[in-house]
Amino acid sequence: MEFTAKQIADFVQGRVDGDPNVAVSSFAKIEEGRPGAISFLANPKYMHYIYETKSTIVLINEDAKLEKPVSATLIRVKNAYESMARLLQLYESMKPQKTGIDPLAFISPTATIGKDVYIGAFACIGDGCTIGDGCQIHPHAVIGNQVTLGQKCQLFPNVTIYQGCKLGNNVTIHAGSVIGADGFGFAPAQDGYEKIPQIGIVVIEDDVEIGANTCIDRSTMGETIIHRGVKLDNLIQIAHNCEIDENTVMSAQVGLAGSTKIGKWCMVGGQAGFAGHIKIGDKTFVGAQSGIMNNLEGNLSVMGTPAMNPKTFFKAKAIYSKLPDMYKQMAAMQKEIDELKKQYSPNNV
């Protein structure tokens, strides 16, 4: 399906700079542009590609300044990255969705299945489950007893959802993720450790996306909650009784210990770790590999372990690299001081 520059500009509320009638039918990175494709330019580091790309249309920020003419038709928008995301979402929504139940799937006779649902081969739907309209459950996904899925959820292959967990509408969970496994609860005893039964559930609200091989543990009691609009990358560990508030995003390999509360609109870099029973305020930015030991008020940025202000962190890092030389200088100074002490000690007077 083709779209003209004018049609695209109308959809993203942009302004055409060039031929409004040129049409595209595919997407391409600006450095790999080809005729009939649309690309975008948001990062100034890629600006030089605008003069050589073969893409027919390029989305570009409205304040971007060009040094020479370009061959592509430009669509100027407030945020090229956001506009491209909207176009890709439109493109994805136009793809035909699978429907129907594969004969090799198992569905409990007590489960309730909505309209226009796809359930792939060897998927398993447990007793008392409710699967909302338009859900896509791919092969080998396992949905435990009494699980509830809202409308238009998508579970990719080998996703496992343990008993009793609840998903809202438009939730996407990528391959291999586990929702509702037992939290890590053990009480020290004389002969080892006594397991603490984890009798709570996981609740995932609307419009959440969870990356591949991410694990979200059920609560000891009550609920582990992932609020609306949260986006989690691959290989993330969310422990029991944690709560992640609306529109927070986390990169790969982040780990949350039990009962940690993360606020709204937070951004967490890869491999950051959070101690248990702490609270992080809204709009907190946590740098990659940071270690968060205590509560944070919110509306701030932190980096390092233990976490600190980024300016302090980079100053400390700069000093850290000089420590070997500083150690040599201190050792030399100490040697001189010891020699002076010997020279001017009372025994030598």
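Numbering starts at 1 and runs along the sequence shown.
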If hydrophobic clusters are built from ILVMFWY residues whose side chains come within less than 4.5 Å, do [X] and [Y] share one?
X	Y	result
Tyr91	Tyr81	yes
Ile107	Leu149	yes
Ile225	Met221	no
Ile131	Tyr162	no
Phe184	Val202	no

Under 4.5 Å between any side-chain heavy atoms of [X] and [Y], yes or no?
X	Y	answer
Leu90	Arg86	no
Ile226	Val203	no
Ile38	Leu59	yes
Met293	Thr305	yes
Lys29	Glu32	yes
Val12	Ile75	yes
Ile292	Val286	yes
Ile50	Leu41	yes

Okay, side chain of [X], backbone of [Y]: is any donor-acceptor separation there less than 3.5 Å?
X	Y	value
Arg15	Leu74	no
Arg34	Thr56	no
Asn309	Lys311	yes
Thr224	Asp217	yes
Gln198	Ile196	yes
Ser55	Ile57	no
Asn247	Trp265	no
Asp233	Ala252	yes
Ser177	Gly211	yes
Arg218	Gly180	yes

Polar contact flag, side-chain donor to acceptor under 3.5 angstrom, [X]-[Y]:
X	Y	result
Asp338	Gln334	yes
Gln154	His174	no
Asp207	Asn170	yes
Gln271	Gln253	yes
His240	Thr220	yes

task: Start with the C-alpha distance between Val24 and Glu2, add both sets of side-chain angles, then the distance that settles side-chain contact (heavy atoms from CB on, under 4.5 Å), and finish with yes or no.
output: CA-CA 5 Å; Val24 294; Glu2 286 190 341; over 6 Å; no
Mind checking the [atom1]-[atom2] spacing from [X] to [Y]? Nearest 0.5 Å is all I need.
X	Y	atom1	atom2	value
Ile143	Thr160	CD1	OG1	9.5 Å
Ser251	Gln289	OG	CD	12.0 Å
Asn158	Ile173	CG	CD1	13.0 Å
Ile125	Asn145	CD1	CG	11.0 Å
Ile280	Glu297	CD1	CD	10.0 Å
Met330	Ile337	CE	CD1	9.5 Å

- prompt: Linking Ile, Leu, Val, Met, Phe, Trp and Tyr through side-chain heavy atoms less than 4.5 Å apart, which residues share a cluster with Phe314?
  reply: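 Traced through the cluster, Phe314 reaches Met303, Met308, Phe313.
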task: Show which residues join Met267 in its hydrophobic cluster (side-chain heavy-atom contacts under 4.5 Å, direct or indirect), or state none.
output: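 Val249, Phe285, listed by chain and number.
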Closest non-hydrogen atom pair, [X] against [Y]:
X	Y	result
Ile30	Phe40	CB-O, 3.9 Å
Leu104	Ala121	CB-CB, 4.1 Å
Met250	Ile244	CE-CD1, 3.8 Å
Ala80	Ala42	CB-CB, 4.4 Å
Ala239	Gly258	CB-N, 3.5 Å
Gly120	Ala105	O-CB, 3.3 Å

For Phe274, the option from Ile238, Val254, Leu296 that meets side chain to side chain contact (heavy atoms under 4.5 Å, CB included):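 Of all the options given, the one that passes is Val254.
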field: From Val178, Leu232, Leu256, residue fulfilling side chain to side chain contact (heavy atoms under 4.5 Å, CB included) relative to Ile216
entry: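 Of the listed residues Val178, Leu232, Leu256, the side chain to side chain contact (heavy atoms under 4.5 Å, CB included) partner of Ile216 is Leu232.
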- prompt: Passes side-chain contact (heavy atoms from CB on, under 4.5 Å), Phe27 versus Met84? Steps please.
  reply: CA-CA 10 Å; Phe27 296 84; Met84 178 57 77; 3.6 Å; yes
Any chance [atom1] of [X] has more than 12 other-residue heavy atoms, nucleotides or ligands included, within less than 6.0 Å?
X	atom1	answer
Glu52	CD	yes
Tyr46	OH	no
Glu67	CD	no

- prompt: Under the side-chain contact (heavy atoms from CB on, under 4.5 Å) criterion, do Asn213 and Ile236 qualify, and how do the steps go?
  reply: CA-CA 7 Å; Asn213 294 312; Ile236 288 175; over 6 Å; no
query: Can you check ring-ring contact (aromatic ring centres under 6.0 Å, His included) on Tyr51 and Tyr49, steps first, answer last?
result: CA-CA 5 Å; Tyr51 305 110; Tyr49 288 115; over 10 Å; no
Pairing of Glu246 and Arg228 as salt bridge, 4.0 angstrom limit: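 Arg228 and Glu246: salt-bridged.
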- prompt: Could Asp182 and Lys195 be called an ion pair, given the rule that one side-chain N must be under 4.0 Å from one carboxylate O?
  reply: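 Yes, charged N to carboxylate O under 4.0 Å.
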query: Can you check salt bridge (Lys or Arg N to Asp or Glu O under 4.0 Å) on Asp17 and Arg76, steps first, answer last?
result: CA-CA 7 Å; Asp17 187 354; Arg76 292 185 175 271; 3.6 Å; yes
- request: Could you walk me through whether Ile204 and Ile179 pass side-chain contact (heavy atoms from CB on, under 4.5 Å), step by step?
  value: CA-CA 9 Å; Ile204 299 175; Ile179 309 300; 3.9 Å; yes
- request: Using the ring-ring contact (aromatic ring centres under 6.0 Å, His included) rule, collect all pairs that involve residues 111-131, keeping only residues at least two apart or in two chains.
  value: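 Qualifying pairs: Tyr118-His138, Phe122-His140.
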